[in-house]
There are 2 protein chains.
Amino acid sequence: MLHAEPIEGIAIITREVQTVPRRRVSAEQIALDVVTLIGSRGFQPGDRLREQELADRFNVSRGPVREALRILEARSIVHLEPMRGATITRLKDDEVLDAVAAAGALFGLVCRLACERRTNIDIAKIAEKISQLETLCDEYSSPRQFFTQTLRIGRSIGQAARSPRLMRMVEDTRFGAPDYFGPLGFTSEKLRQEALRNWKAIQTAITERDATVADDLGRKVHDNALAAALLAVA
Amino acid sequence: MLHAEPIEGIAIITREVQTVPRRRVSAEQIALDVVTLIGSRGFQPGDRLREQELADRFNVSRGPVREALRILEARSIVHLEPMRGATITRLKDDEVLDAVAAAGALFGLVCRLACERRTNIDIAKIAEKISQLETLCDEYSSPRQFFTQTLRIGRSIGQAARSPRLMRMVEDTRFGAPDYFGPLGFTSEKLRQEALRNWKAIQTAITERDATVADDLGRKVHDNALAAALLAVA
DNA sequence: GTCTACCATATTGTTGACAATATTGTTTTC
DNA sequence: GAAAACAATATTGTCAACAATATGGTAGAC
């Protein structure tokens, strides 16, 4: 199992956007904070998470902490065993492959739906994000910035697909395999150029409403990111 | 939104099978019971679930109930709003379409993986289940039995794919749109015959390790079931 | 009659205490 | 010295009470 760069830019989408933003319930805030800590390597996969420990750290009682752990379990971020507590999920390599494949299959579907449901405004937003990606391609750009920008593009396409539920599934699935979805697959200019080409192709397919091609390409960006990440650590 | 037959045969997979079965924690039992109640129409989509009410019904305190609601929220069975409680999810029609498409995309992937990872034993198990399906095809068989058997076939294929995580995603996603995954799509002998043909084709594809065909067919059984269900209520 | 402000009630959010179970260390036995 | 039985500790599961917030109804102003 690989462990490389801290995650960033992947947020837990707990519920739809409210017109009037409500006070965030502490369980969700705690879940978010734990994720952030994992991202910044404050917690490692395999670590045991003790309820009282978390409760002390976040200055709440164990109740909200237990709810937070349920939230994280649902996203496969932690693993709960009855009477034995929570550990941060450590996926086996083949489970990671499956997670990437699943994310790809779902994102392919998102791209397909985006073809049918996009408006011109959606196209403009996607195009804008991709042109920003272009400026992050050269040899002096950071893999991290590039990666973050690809996440933004993905979300724009998700918006065009008008299916926040599906997009949440994609992000949840990605989260199961963070190390393969970090900047690891974009460490060389060549890799970034190839990724850029793929994203541009997706943009074209969505613009032309070519659902089949968009579906294939949506899967391909995931496969490529995985392959590149695997090479990077080989 | 449609509401037809009670659900059956769809279980919540909360965790892997333990070698030594542990006492089930009450939160999970409660979640299971609520699902059963929804299935038997004791609760309807849109219904409000009050914590104290559930606590009284199941003879526990509100703590475990709250955890159960988090479990159900994670599977999109209930919808939680801060300070406003839980309601049983009522999907809009287009959300149902997306859920079906997502389940199809994921099950296509499961079929693809099954092609690569299957053993002869897996093939035998799948074949056995499909031959049982064949006996449920004639005009005197119940749509319900037929439907239940298709679920069993799906699980056999899931086993062959060696990815319980993925299979859980498929079942969770299906759960989001129960009314379209009930026996509604198998109400005529003609529909059952067509479904049987598809499952047989999947069996052949997996036997011959033809991943592309298996993927397509895995998606197709979902699309067909949806189309048939839509016609049934039109 | 309708709207608004207010109050009573209902419901969710949080807490600390206690019970049940698991884990760890120690002692005992061979 | 190794293994098993036991005791001490740590950790999770559950509960009941309290606090914070939302809901629904009533009274009063216009």
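In what follows, chains carry the letters A, B, and so on, assigned in the order in which the sequence lines appear, proteins first and then strands, with residues in each chain numbered from 1.
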Closer than 3.5 angstrom, by distance alone: can the side chain of B:Arg117 be matched with the main-chain N or O of B:Ala161 as a donor-acceptor pair?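 The answer is yes, because a donor-acceptor pair under 3.5 Å joins these two groups.
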Without decimals, in angstroms, what is the distance between [X] [atom1] and [N] [atom2]?
X	N	atom1	atom2	value
B:Glu81	C:dG13	CD	C1'	15 Å
A:Glu51	C:dT14	CD	P	15 Å
B:Glu67	C:dT12	CD	P	16 Å
B:Met83	C:dT9	CE	C1'	15 Å
A:Ile71	C:dG13	CD1	P	11 Å
B:Leu54	D:dC15	CG	P	14 Å
B:Leu49	C:dA10	CG	C1'	16 Å
A:Glu28	C:dG13	CD	C1'	12 Å

Would you tell me if any nitrogen or oxygen in the side chain of [X] comes within less than 4.0 Å of OP1 or OP2 on [N]?
X	N	value
A:Arg84	C:dA22	no
A:Arg66	D:dG13	yes
A:Ser26	C:dT14	yes

With the side chain of A:Val60 defined as its heavy atoms from C-beta on, choose the nearest nucleotide among C:dT15, D:dT21, D:dG13.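 Side chain of A:Val60 sits closest to C:dT15.
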Looking at C:dT15, D:dC18, D:dT11, which one has an atom nearest to any side-chain atom of A:Arg48?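 Ranking C:dT15, D:dC18, D:dT11 by closest atom to the A:Arg48 side chain puts D:dT11 first.
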Any non-hydrogen side-chain atom of A:Glu171 less than 4.5 Å from a side-chain atom of A:Arg155?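 Yes; the side chains approach each other to less than 4.5 Å.
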5' precedence on DNA chain D between A:Gln52 and B:Gly63 (nearest-nucleotide basis):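 That would be A:Gln52.
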So which one's nearest nucleotide on DNA chain D is more toward 5', A:Arg50 or B:Pro64?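 Per heavy-atom nearest nucleotide, the more 5' residue is A:Arg50.
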Report yes or no: is the cationic atom of B:Arg112 (NZ for Lys, CZ for Arg) closer than 6.0 Å to the six-membered ring centre of B:Phe107, at no more than 45° off its axis?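 Verdict for B:Phe107: no cation-pi partner in B:Arg112.
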Give the C-alpha distance, both sets of side-chain angles, the deciding distance and a yes or no for side chain to side chain contact (heavy atoms under 4.5 Å, CB included) between B:Cys111 and B:Ile202. CA-CA 8 Å; B:Cys111 290; B:Ile202 290 181; 4.2 Å; yes
Looking at every strand, decide which applies to B:Leu69 at a 4.0 Å heavy-atom threshold: base, sugar-phosphate, or nothing.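 Result for B:Leu69 = nothing.
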Side chains of A:Asp33 and A:Thr36, donor plus acceptor under 3.5 Å: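 On atom types as modelled, these side chains do not qualify, holding no pair under 3.5 Å.
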